[in-house]
Amino acid sequence: MSNLTTTTGSNTTVSSGGLPSRRNTELALLAFAVFVPVFAYANVGLALDDKLPSGMLGYGCGMLLLAGVGHLVVRRYAPYADPLLLPLATLLNGLGLVLIWRLDQSERLQQRAKAAFGAFSPDAPKQLLYSAIGLALFVAILMFLKDHRVLQRYTYISMAVGLVLLVLPMFFPARNGARIWVDLGFINLQPGEFVKIILAVFFAGYLMVKRDALALASRRFMGMYLPRGRDLGPILVIWALSLMILVFETDLGTSLLFFGLFVIMLYVATERTSWIVFGLLLSAGGATAVATFEPHVQQRVQAWLDPMDTYLKARQGIAGNSEQAMEALWAFGSGGVLGTGWGQGNSDLIGFAANSDFILATVGEELGLTGVMAVLLLYGLIVERGVRTALAARDPFGKLLAVGLSGAFGLQVFVVAGGVMGLIPLTGMTMPFLASGGSSVLANWALIGILLRISDTARRPAPAPAPSPDAEMTQVVRP
Amino acid sequence: MSELTLTVMRLGFLAVLWLFVIVSIQVIRSDLFGTRVTQRTARRAEAQRPPQQRAQPQQPPQGGGRRGRGRNAPTKLVVTEGSLTGTTVALQGQTITLGRAHDSTIVLDDDYASSRHARIYPDRDGKWIVEDLGSTNGTYLDRTRLTTPTPIPLEAPIRIGKTVIELRK
């Protein structure tokens with residue numbers, strides 16, 4: 001607020017621009033965004049051991065260093081970028097680190113890991129390392145991607161790369177019932193996380209060229225614009241592909257994200273509501289059809305429709321049932337409105353995937369409804385800033401790309417949060433930034449980097465007037 | 001650790017988290033209300049002045065950050081038709097290029113526009129001039145096709161292919 005008045009009041013330093021650069025606002029918010037997780041960290045330590053945790057200084061300094069590097073790079077390479085995206089991402093990443101560290105402290109999870117793998121290794125240091133690598137990727141994007149319009153050149157290459165990455169996990173063994181992993185021996189990657197960025201680039205480039213054909217050539221029928229048969233081609237191809245992912249990789253999340261992203265971008269590009277109706281009909285029909293014969297999907301739907309029954313079956317040891325869905329609901333329930341407080345919940349009872357897919361249940365138990373709403377609002381703000389960027393962008397490709405990226409981000413949050421809360425069937429995806437997992441952190445930092453690049457271009461004042469030859473005054477010879 | 005301290009810390013953390021959300025929303029308030037506030041004050045100033053004064057060139061505006069060019073100087077360029085409808089560009093003394101080329105200020109996604117179609121720039125007195133850059137289909141000011149650089153009256157439609165832009169106050 002104070003920054004608002006100062007920038008408009010003394011407009012001399014950035015006067016050439018329409019919008020002030022807002023970098024100092026970003027710095028202040030970043031400091032705040034580092035402070036909140038450090039406070040949470042101290043809170044967990046005091047609640048669990050009655051003393052400040054010993055690693056507090058290390059994590060605090062690590063976060064501060066990451067945030068500082070991020071800020072300096074943005075200041076140098078994207079000075080007009082949106083002031084909110086970086087602090088929001090930093091805060092979510094920091095909260096994620098604290099949540100993972102808090103679950104690392106749980107005796108139950110440690111014993112569980114020892115029973116399952118023979119040894120327990122804490123996830124928080126790994127996550128800090130992944131965050132650092134993610135931030136390095138973010139820095140590299142801001143440094144080397146000078147203009148997002150360069151990506152337009154790679155429209156069809158990114159389609160090919162995206163499809164390869166989508167198909168790749170089929171050739172690797174399934175883990176926990178879903179084939180979404182690529183095991184390279186030294187590292188496990190989840191290509192689905194990167195695919196959302198790569199496919200957003202493809203869709204943006206493709207729809208920019210084709211949108212007139214998709215939007216204008218249509219017949220009106222019952223108040224809706226029906227597209228021509230041949231224009232249905234692309235959406236049907238994408239639909240078939242996403243169904244194939246569902247069948248062969250048994251991954252509901254990626255499939256939904258992939259198809260939803262296309263429908264969102266199609267709607268934004270053509271302004272035709274009929275595409276959304278078609279998209280919803282197609283995805284509902286496809287998912288129902290697959291659910292009838294694919295046992296893995298069936299189990300998920302069953303667990304969603306009747307979590308208690310599934311829980312009891314799992315307790316009796318009937319294979320193919322999981323207690324997690326019900327346990328997550330109990331975690332939310334015992335959190336109540338204000339939560340139990342950091343470190344005092346029992347969300348570690350969820351056991352498997354407590355710090356990745358189900359991390360929101362820990363937020364729900366320890367911070368309560370109030371905390372979950374705040375976290376969801378933070379995600380909402382990231383999406384809002386992305387859509388704002390799309391509105392401000394002056395080129396159609398940038399507009400579509402920004403909408404696609406923020407849409408994919410929002411959709412992922414919806415799919416994961418909805419799954420954990422029992423609104424939709426549970427899918428194997430991770431909460432962006434919060435959940436433990438290298439691919440997810442890397443991909444989401446890259447996504448924020450590209451959004452910052454687009455917003456820098458969009459908010460950057462137009463170049464200074466070119467010196468025109470007749471603007472120079474003729475010298476008058478004085479006696 | 002006593003129960004009281006933990007409760008205070010629990011509520012304190014929630015308060016801090018929400019404070020962050022609220023501060024963030026305060027930062028984006030400029031998006032939501034910033035433009036409307038300036039418009040409202042401009043309109044009020046307009047309404048207070050008698051109409052016959054409006055045509056005359058005015059004394060430079062007091063403060064306001066903009067280099068003075070009289071009250072009737074346009075402050076923004078608005079796209080009113082075409083695929084970029086609603087886009088505005090602040091006029092700050094810079095040259096605005098329009099065309100399909102990627103480095104144009106306004107990138108037109110329009111089959112009827114040339115890659116470097118037209119430019120809009122202020123002359124030495126601060127009047128805004130539109131110039132056709134040898135485009136295939138021409139640039140139209142109202143109904144007339146431009147042949148020479150022409151000053152742009154306020155709110156006169158400039159048509160480029162399917163796109164129409166206007167200068168507004």
Side-chain angles (χ1 to χ4, degrees), chain A residues 1 3-4 8-9 11-12 15-19 22 25 29 32-33 35-36 39-40 42-43 46-47 50 83-84 87-88 91 95 147 149 152 208 211-212 338-342 344 366-368 370-371 374-375 377-378 381 384-385 388 391 394-397 461-466 468 471, chain B residues 1-3 5-31 34 38 63-67 75-76 79 83-84 86-97 102-111 119 121-124 162:
Chain A
M1 282 259 282
N3 193 281
L4 249 181
T8 46
N11 213 356
T12 45
S15 65
S16 63
L19 292 158
R22 314 294 301 271
T25 318
L29 272 173
F32 199 172
F35 165 75
V36 175
F39 182 32
N43 216 327
L46 288 174
D50 277 2
L84 271 179
L88 288 170
L91 176 60
L95 282 180
D147 189 342
R149 283 172 282 203
Q152 203 177 339
M208 202 191 109
R211 67 168 169 195
D212 281 349
L338 291 173
T340 57
W342 280 103
Q344 290 168 295
E366 308 208 331
L367 302 182
T370 324
V375 167
L377 260 179
L378 292 175
L381 279 171
E384 195 269 348
R385 293 325 286 165
R388 241 314 134 177
L391 283 178
R394 288 193 292 257
D395 64 298
F397 178 75
S468 70
Chain B
M1 197 56 35
S2 76
E3 196 67 26
T5 327
L6 286 178
T7 308
V8 168
M9 279 180 74
R10 183 181 83 183
L11 299 180
F13 181 79
L14 288 176
V16 168
L17 196 60
W18 273 97
L19 188 65
F20 185 90
V21 173
I22 290 163
V23 168
S24 306
I25 291 172
Q26 290 293 338
V27 169
I28 60 175
R29 230 168 53 120
S30 58
D31 279 351
T38 53
R66 226 169 278 286
R67 289 169 294 287
T75 58
K76 64 184 176 193
V79 181
S83 58
L84 288 172
T87 306
T88 56
V89 176
L91 298 174
Q92 310 251 334
Q94 81 279 32
T95 300
I96 292 174
T97 55
H102 290 322
D103 55 351
S104 310
T105 317
I106 296 180
V107 182
L108 300 171
D109 173 33
D110 189 335
D111 292 344
R119 66 180 177 133
Y121 59 95
D123 71 357
R124 220 174 301 158
K162 285 181 280 183

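Just so we're on the same page: letters track the sequence lines, and every chain starts at 1.
For the atom pair CZ of B:Arg119 and OG of B:Ser104, the computed distance is 13.0 Å after rounding to the nearest 0.5 Å. Considering OG1 of A:Thr25 and CD1 of B:Ile28, their distance stands at 13.0 Å, rounded to 0.5 Å. To the nearest 0.5 Å, atoms CD (A:Gln152) and CG (A:Asp147) are separated by 9.5 Å.
Proximity to chain B (any heavy atom under 4.5 Å) is shown, for A:Phe397, by neither the backbone nor the side chain. Residue contact with chain B, scored on non-hydrogen atoms closer than 4.5 Å, involves the side chain of A:Leu95 exclusively. In this structure, chain B has heavy atoms under 4.5 Å from both the backbone and the side chain of A:Leu367. Contact of B:Ser24 with chain A is made through backbone and side chain together, with heavy-atom distances under 4.5 Å. The contact between A:Leu381 and chain B is made entirely by side chain atoms (from C-beta outward), counting heavy-atom distances below 4.5 Å. A:Leu84 touches chain B through its side chain: at least one heavy atom from C-beta onward sits under 4.5 Å away, while N, CA, C and O do not. Using a 4.5 Å cut-off between heavy atoms, B:Leu108 makes no contact with chain A at all.
Using a 4.5 Å heavy-atom threshold, the side chains of B:Phe13 and A:Val36 count as touching. A:Phe32 places a side-chain heavy atom less than 4.5 Å from the side chain of B:Val16.
Interface remark: of the candidates A:Thr340, A:Leu88, A:Asn43, A:Asp395, A:Asn43 forms the most heavy-atom pairs closer than 4.5 Å to chain B. Put simply, of B:Leu14, B:Val21, B:Val23, the one with the most heavy-atom pairs under 4.5 Å next to chain A is B:Leu14. Ranked by heavy-atom pairs shorter than 4.5 Å toward chain B, the options A:Gly341, A:Ala374, A:Pro396 are led by A:Ala374. Taking chain A as the reference chain and counting heavy-atom pairs below 4.5 Å, the highest number among B:Leu17, B:Thr7, B:Thr87 is found for B:Leu17. Of the listed residues B:Leu84, B:Thr88, B:Leu19, B:Ile106, the one with more heavy-atom pairs under 4.5 angstrom with chain A than any other is B:Leu19.
Across all non-hydrogen atoms, the minimal contact from A:Ala33 to A:Pro87 is CB-O, 3.5 Å. The minimum heavy-atom distance linking B:Phe20 with A:Leu378 is given by the pair CD2-CD2, 3.8 Å.
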- Task: Take A:Arg149 and B:Val107, measure what side-chain contact (heavy atoms from CB on, under 4.5 Å) needs, and give me the verdict at the end.
- Result: CA-CA 11 Å; A:Arg149 283 172 282 203; B:Val107 182; 3.6 Å; yes

